[in-house]
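Heads up, the thing below is written out as structure tokens.
Throughout, numbering of the chain's residues begins at 1 and tracks the sequence. Values in this document were obtained by computation on a predicted structure and should not be read as measured data.
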Amino acid sequence: MVQGGITFQDGTDLHVIPNGTLTAVTYQGEILRAAVRPYIGAVGPGFVLVQDNAHPHVARVYGQFLDDEDMENQTFSEDLILLEGLKVSTQSSLPAFIFLLLIYIFAVVSNISLVSLIFTTRRLHQPMYLLFCNMSINDVFGATIIIPHVLRDLLISNSKRYIHYIDCAIQAFCVHLHASASHTVLMIMAFDRYVAICNPLRYATIMTNSAVVKLSVVAWGTAFVLVLILVGLSVRLSRCRWIIFNPFCDNASLFKLSCESVLINNIYGLSYTVVLLGSSMCSITLTYLKIAAVCVISKNKAVNSKALQTCATHLAVYIILLVSGFIIVILHRFPHLSDHRKVASVMGHVALPALNAVIYGLQIKEVRQRIMTLFRNGKVMEAK
């Protein structure tokens with residue numbers, strides 16, 4: 001579908017509607033805001049919009065747009081970006097808000113509690129548990145940069161879901177930093193398990209507190225540099241669009257706002273993905289193959305049981321991370337499933353942190369003891 005506008009002396013550029021579908025959000029972001037609004041500001045109070053064969057609902061969308069924008073009191077800003085949020089009916093918006101909020105609160109509270117427990121319990125001042133803190137902090141970071149914004153958008157109309165471009169760029173950077181750090185942190189955690197099981201006598205001399213700090217800095221620093229280049233290549237592009245077909249900003253959303261060539265972005269993005277996923281998958285696969293070989297050779301059942309417990313937890317988290325990422329990538333290939341992709345991407349940023357806290361928390365004896373104590377106290381209260 002192609003849309004364009006004309007005046008007595010001039011006209012707008014023709015605009016191609018993606019997928020040939022003109023929704024209310026697309027009409028406001030791609031047509032009204034991009035093409036009509038600059039004319040309103042230039043012509044002034046005498047501006048009159050005439051659209052041939054417009055249906056009544058189009059008039060309502062335009063009227064709502066003018067009311068929301070308050071054209072008489074605001075000036076046009078090209079710094080504003082319109083987000084296409086989750087498609088939730090009016091009746092379902094409050095239940096969805098409450099459901100998402102509860103999961104977010106659980107994810108944040110459980111991860112912060114886990115970090116606090118590790119730092120306040122002297123017995124847990126070990127490399128494995130200190131590396132857990134990296135994962136918990138990253139999970140809280142990832143959920144917080146996405147979910148509060150999505151919760152706000154669930155309670156407001158589509159036409160008010162604006163975000164400043166600089167905030168969008170920062171959010172995109174944080175989204176990819178969270179995803180990249182998830183892989184790099186899991187890589188150093190796999191290295192820790194490798195040393196503990198394959199070189200137990202040298203574990204204390206290799207995995208010192210200094211080594212843990214250095215590994216953490218390398219994991220976060222590598223992710224930071226890779227993502228900084230990734231987002232920086234998108235921010236340098238000029239913009240000709242003002243709508244993002246996603247509940248939150250990411251790198252793909254940023255460079256799709258431009259009409260310039262994005263060949264460099266695609267090349268680096270592909271290289272970034274191959275390097276990150278390839279290095280994490282190869283390193284973790286090789287690590288666990290060596291650990292498995294040691295367990296097969298060893299006849300110590302206690303050592304094998306401990307190795308299975310700690311490694312199974314780590315491997316489960318990594319597999320869940322990969323599967324969730326692949327599901328979103330696959331859904332990208334089916335435009336008619338865009339709504340499912342949006343839900344999956346949002347849930348991935350809140351459900352995975354909550355699940356990771358449960359998986360890692362249950363591995364720690366102190367956490368299991370406190371949970372059992374709470375259950376016992378609850379039963380005592382019920383008995384009374």
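A heavy-atom distance below 4.5 Å is not found between the side chains of F248 and H149. No side-chain heavy atom of I81 sits less than 4.5 Å from a side-chain heavy atom of D167. Side-chain contact between F255 and L233 is absent, with no heavy atoms from C-beta onward closer than 4.5 Å. Put simply, the side chain of N138 does not reach to within 4.5 Å of the side chain of N134, judged on heavy atoms. For the pair T121/Y129, no side-chain contact is recorded, criterion being any heavy-atom separation below 4.5 Å from C-beta on. With a 4.5 Å cut-off on side-chain heavy atoms, L257 and I244 count as touching. Between V140 and V115 there is no side-chain heavy-atom pair separated by less than 4.5 Å. Side-chain contact between D153 and L86: absent, with no pair of heavy atoms (C-beta onward) separated by less than 4.5 Å.
The shortest non-hydrogen separation linking G348 to P353 is O-CD, 3.8 Å.
For L102, the CG atom is densely surrounded, since the number of other residues' heavy atoms within 6.0 Å is greater than 12. No more than 12 heavy atoms of other residues, nucleotides or ligands sit less than 6.0 Å from atom NZ of K256. Within 6.0 Å of CE on M281 lie no more than 12 heavy atoms contributed by other residues, nucleotides or ligands. In the displayed structure, N209 atom CG is contacted under 6.0 Å by at most 12 heavy atoms of other residues, nucleotides or ligands. Within a 6.0 Å radius of NE2 in H125, more than 12 heavy atoms belonging to other residues, nucleotides or ligands are found. Around CZ of R236, the count of heavy atoms belonging to other residues, nucleotides or ligands within 6.0 Å exceeds 12.
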Next item on the list: Take L215 and D192 through the test side chain to side chain contact (heavy atoms under 4.5 Å, CB included) and record every step on the way to the result.
Entry: CA-CA 10 Å; L215 286 172; D192 170 75; over 6 Å; no
Item checked: Intermediate values then yes/no, side chain to side chain contact (heavy atoms under 4.5 Å, CB included), L131 and V185 -> CA-CA 8 Å; L131 291 176; V185 168; 6.0 Å; no
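Residues meeting the side chain to side chain donor-acceptor pair (under 3.5 Å) test with S136, sequence neighbours left out: N111. Under the disulfide bond (SG atoms under 2.5 Å apart) criterion, C198 pairs with no residue at all, not counting sequence neighbours.
Within the 3.5 Å criterion, the main-chain N or O of L321 finds a donor-acceptor partner in the side chain of S324. In this structure, S113 contributes its side chain and V109 its backbone to a donor-acceptor pair below 3.5 Å. Looking at N246, its side chain never comes within 3.5 Å of a backbone N or O of C249 through a donor-acceptor pair. The backbone N or O of S280 lies less than 3.5 Å from a partner atom in the side chain of S283, making a donor-acceptor pair. Side-chain atoms of S279 come within 3.5 Å of backbone N or O of L276 as a donor-acceptor pair.
For the atom pair CD1 of I327 and CG of L322, the computed distance is 11.0 Å after rounding to the nearest 0.5 Å. Here the CG atom belonging to N199 is positioned 12.0 Å from the CE atom belonging to M207, to the nearest 0.5 angstrom.
With F224 as the partner, the side-chain contact (heavy atoms from CB on, under 4.5 Å) test is satisfied by one option alone out of T222, L228, L226: L228.
Pairs of residues two or more places apart, or lying in two chains, that qualify as ring-ring contact (aromatic ring centres under 6.0 Å, His included) and include a residue from residues 176-221 are H178-H349.
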